[in-house]
Amino acid sequence: MIRVLIERWIREGMEHQVHLALRDLRRKVLDTPGYVSAETMRDADDPHHYAVLATWQSREDWEKWARSETREAARKALEPLLLRPELVTVYEPA
């Protein structure tokens, strides 16, 4: 199993739109092969910094989803709502 940390810095006033977009994306990923779970969190010290911590069965499963048309369309839709591009970090067991 791997964990994927996706960090996003949200523009002022765009929180609701981002919440809706992430909720829609979560619905789409639920039946994706290899997807296990995900949790969305907000930085306690920076209310514009959000993180999604997702668990996948394998890196290959994640990469297939990351390259999918669905994921790419969601990333592009979120772009104008962000202060900077999302940051994705893949973690594997040590």
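Values below: all heavy atoms of this structure, side chains included; hydrogens, waters and symmetry mates excluded.
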Do you know the tightest heavy-atom contact between P93 and M1? CD-O, 3.2 Å
By salt bridge (Lys or Arg N to Asp or Glu O under 4.0 Å) - contacts of E86 (at least two apart): R8, R71
Holding to side chain to side chain donor-acceptor pair (under 3.5 Å), I want the full list of residues that pass it with T70, two or more places apart in sequence or in another chain. none
Not counting sequence neighbours, which residues clear salt bridge (Lys or Arg N to Asp or Glu O under 4.0 Å) with D43? List them please. none
Qualifying ring pair (Phe, Tyr, Trp, His ring centres under 6.0 Å) pairs, either residue in residues 4-34, two or more places apart: W9-H49
Shortest non-hydrogen separation from A38 to V52 and the atoms involved: CB-CG1, 4.2 Å
Shared hydrophobic cluster, L30 / V36 (ILVMFWY, side-chain heavy atoms < 4.5 Å): no
Partners of E72 by side chain to side chain contact (heavy atoms under 4.5 Å, CB included), sequence neighbours excluded? R75, K76
Who are the salt bridge (Lys or Arg N to Asp or Glu O under 4.0 Å) partners of E7, not counting sequence neighbours? none
Side-chain cluster (under 4.5 Å, hydrophobic types only) that Y50 belongs to, other residues: I10, M14, V18, L22, L78, L81, L82
Are more than 12 heavy atoms, taken from residues, nucleotides or ligands other than D31, located less than 6.0 Å from that residue's CG atom? no
With clusters defined by side-chain heavy atoms of hydrophobic residues (ILVMFWY) lying less than 4.5 Å apart, directly or transitively, does Y91 cluster with M41? yes
Which residues share a side chain to side chain contact (heavy atoms under 4.5 Å, CB included) with V90, sequence neighbours left out: I2, V4, R59, W62
Heavy-atom side-chain proximity of L53 to R3 below 4.5 angstrom: yes
May I have all residue pairs that pass ring pair (Phe, Tyr, Trp, His ring centres under 6.0 Å) and include part of residues 67-90, sequence neighbours excluded? none
T40: what forms a side chain to side chain donor-acceptor pair (under 3.5 Å) with it, not counting sequence neighbours? R26
Pairs involving residues 29-48, ordered by first then second residue, that meet ring pair (Phe, Tyr, Trp, His ring centres under 6.0 Å) (sequence neighbours left out): Y35-W56
K28: which residues meet the salt bridge (Lys or Arg N to Asp or Glu O under 4.0 Å) condition with it, sequence neighbours left out? D24
